[in-house]
Q: 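Please see the structure below; I have some questions.
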Amino acid sequence: MKASQRSLLLLEQCFTMTQMKQIQSHLAVSGTLLDPYAAGRIVAFCAVRDFSYAHRFFQHLPHLCRTAFVCNTMIKALVDEKEHESALALYKRMVTDYGFLPNNYTLSFLLTACTQLGDVCSGSIYHCQAIRLGWESYDFVQNGLIHLYVTCNVLESARRIFDASVNRDVVTWTALINGCVKSDQVEVARNLFDEMPDKNAVSWSAMINGYVQAGLFREALELFNAMQTLSGLRPSHAGVVGALTACAFLGALDQGRWIHAYVDRTKMKLDRILGTALIDMYSKCGCVDAARRVFEEMEERDVFAFTSLISCLANHGHSKDAIELFGRMLTEGVAPNEVTFICVLSSCSRMGMVDHGLEIFRSMSKEYGIEPGVQHYGCLVDLLGRAGMLEEAKQVVRGMPMEPDSYVLGALLNGCRVHGDVELGRELVESIIQRKLDHGGVHVLLSNMYASTSQWDDVVKVRKGMEENRVKKVPGCSSIEVNGEVREFVVGDRSVALVEEVVPLLCWIEKHLKSLRLEEEGGAGVAENCFF
DNA sequence: ATAGGGTTAG
């Protein structure tokens, strides 16, 4: 490139659209617009700022100025605008009408289009083109192909290109690492990660998020820490989001707070994704107020941010606030989606707000165009069942447009338990077992239902039946963080620490609470006898 | 002169 052209390019960065339009008319008058380079610069400049203007300009260009560069730039712009059909049409015109062969730029833009469409068939046609024209080992084409095959779940093809490649760069490696993660081969991904010669912040983030995807949250956090101690790289936005997701699952509050402080310290932009990740981390760690603060700090809130906080409030006993926040969401013009309605309906259910819940359920399809799914019916049945409206709940189950799943029937069964309708409960369990929908939780519910009405023989029967049929309930599990260490508690845990330290403390708390209740009821307090 | 890989809610 000539020095004069380079300085013009730099100068171009300072122009506004209006100035560029002025330059354009000036060029038109002086006849310079017929110069392919000048015309190309105008298209490239406008394509990223005002697409429709660039498009019009392109369509009026004289034939001489429709260079491969201009076509590529327009194809890229069309792909960015998600106008994949038009991008393809332009490509065809470029080849047939203007007589250009696709080059490495053309092919990489077309591959991006195929990847976004998940269209591996068209993608492999361009793959063939690339081979025929000798572009297949060009970095952007090669990496584009790997990305395409990874996205479309054809890991073997991605792997073949990788293995045959003699010019792998950091993008090549990272694309394949993601492919392995997507195909549940997180260990293979880690081996690649260890093997790759250079890593940047994107490759670290990809591996951190790979562990998160695989549910290996401790490994994700270890890697997040290693990134800072070993690589000297600063965790990027995506890395931070991945680490926060891991903290949320582990209940690792200290680590999560540290990351929040890091976000503040480095002035990382609290955008919708990062904000939501923070809200969710605080939510899962039980810090409702911190979650609220992050939410208020965010400059833009989308359906994810709202739903995340609504879910947080609903899960921590603030159902009323959750429903209020739903109202605020509507006022601020953010459209709820199916997940939002699950959270809101379960809030209504816990609050016993039957009418309001029914109204919201009805509004789903009427006002928001969202057809209720099986989970929404589950919430509705739960809402009616908890309120003791078992007949209505049964009618909902009968009238639903899809087969009830174990959660819908489980919600009805729970209603039976709470309101002591053992007969209906028994019928239900039979139908649940007949439909082969029984999971451990259903049996436990039935046994609890018998227990609540003191039908101990039946309790024993259910428990025995569970043993005989080898019905397993996923054990209840929770975790807390103490001094930076995450400690897990699982039902049936009989470890020394638990039996010798935690259980006596729990007994003391229970006795203490009972004595307090006695005091409240006017009875004589016995608190002093309850210390160890 | 035009370009690629990583991230949020039930």
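Each chain gets a letter, A, B and so on, in the order its sequence line appears, and its residues count up from 1.
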Q: Please determine if a side-chain N or O atom of Lys269(A) lies less than 4.0 Å away from the OP1 or OP2 oxygen of dT7(B).
A: no
Q: To the nearest Å, give me how far apart CZ (Phe326(A)) and C1' (dG10(B)) are.
A: 14 Å
Q: Just say parallel, tilted or perpendicular for the rings of Tyr98(A) and His63(A), cut-offs at 30° and 60°.
A: perpendicular
Q: Between dG10(B), dT8(B), dA1(B), spot the one nearest the side chain of Tyr37(A), thanks.
A: dA1(B)
Q: Heavy atoms from C-beta onward define the side chain here; which of dA9(B), dT7(B), dG5(B) lies closest to that of Ala238(A)?
A: dT7(B)
Q: Looking only at side-chain atoms of Asn200(A), point me to the closest of dG5(B), dA9(B), dG10(B).
A: dG5(B)
Q: For the residue pair Trp204(A) and Phe224(A), is the inter-centroid distance of their aromatic rings smaller than 6.0 Å?
A: no
Q: Which listed nucleotide (dG10(B), dG5(B), dA1(B)) is nearest to the side chain of Glu338(A)?
A: dG10(B)
Q: With heavy atoms under 4.0 Å as the rule, sort Asp271(A) into base, sugar-phosphate or nothing.
A: nothing
Q: Could you check whether Lys199(A) gets within reach of a base, just the sugar-phosphate, or nothing at all, counting any heavy atom under 4.0 Å?
A: nothing
Q: Checking contacts here: which listed nucleotide (dA9(B), dA3(B), dG5(B)) is nearest the side-chain heavy atoms of His147(A)?
A: dG5(B)
Q: Could you tell me whether His237(A) contacts a base, only the sugar-phosphate backbone, or nothing, with contacts defined as non-hydrogen atoms closer than 4.0 Å?
A: base
Q: Counting side-chain heavy atoms from CB outward, which of dA9(B), dT7(B), dG5(B) is closest to Val170(A)?
A: dG5(B)
Q: Quick one: label Ala305(A) by what it contacts on the DNA or RNA (base, sugar-phosphate, nothing), any heavy atom closer than 4.0 Å.
A: nothing
Q: Report the distance from atom CE of Met74(A) to atom P of dA3(B), rounded to the nearest whole Å.
A: 14 Å
Q: Would you mind telling me which of dG10(B), dG5(B), dA1(B) lies closest to the side-chain atoms of Ile342(A)?
A: dG10(B)
Q: Given dA3(B), dA9(B), dT7(B), identify the nucleotide with an atom nearest to the side chain of Ser108(A).
A: dA3(B)
Q: For Asn103(A) and dT2(B), what is the distance between atoms CG and C1' respectively, to the nearest whole Å?
A: 9 Å
Q: dA9(B) base stacked by Phe304(A)? Criteria: ring centres under 5.5 Å, plane angle under 30°.
A: no
Q: With rounding to the nearest 0.5 Å, note down the distance linking CD1 in Ile259(A) to CE in Met281(A).
A: 7.0 Å
Q: Examine Arg272(A) relative to Phe304(A) and say whether NZ or CZ is less than 6.0 Å from the centre of the six-membered ring and inside a 45° cone about the ring axis.
A: no
Q: Do Trp173(A) and Phe162(A) have ring centres separated by under 6.0 Å?
A: yes
Q: What about Asn337(A): does its side chain form a donor-acceptor pair under 3.5 Å with the base of dA9(B)?
A: yes
Q: Under 30°, 30 to 60°, or over 60°: which ring-plane class applies to Tyr262(A) and Trp258(A), parallel, tilted or perpendicular?
A: parallel
Q: Thinking salt bridges, do Glu12(A) and Arg49(A) make one under a 4.0 Å N-O criterion?
A: no
Q: Side chain of Asn72(A) only, heavy atoms from C-beta on: which candidate in dA3(B), dT2(B), dT7(B) is closest?
A: dT2(B)
Q: What is the distance from CD1 of Ile259(A) to P of dT7(B), rounded to the nearest Å?
A: 17 Å
Q: With a non-hydrogen cut-off below 4.0 angstrom, is Gln375(A) in contact with a base, only sugar-phosphate, or nothing?
A: base
Q: Phe69(A) stacking on dA1(B): centroids under 5.5 Å, ring planes under 30°?
A: yes
Q: How many Å lie between CZ on Arg301(A) and P on dA9(B), as a whole number?
A: 18 Å
Q: Phe45(A) has an atom CZ; how far is it from atom C1' of dA1(B), in whole Å?
A: 14 Å
Q: Tell me: CG of Asp302(A) to C1' of dA9(B), nearest whole Å?
A: 9 Å
Q: Would you indicate which nucleotide in dT2(B), dA3(B), dG10(B) comes nearest to any side-chain atom of Asp280(A)?
A: dG10(B)
Q: For the pair made of OH in Tyr138(A) and P in dG5(B), what is the distance, rounded to whole Å?
A: 19 Å
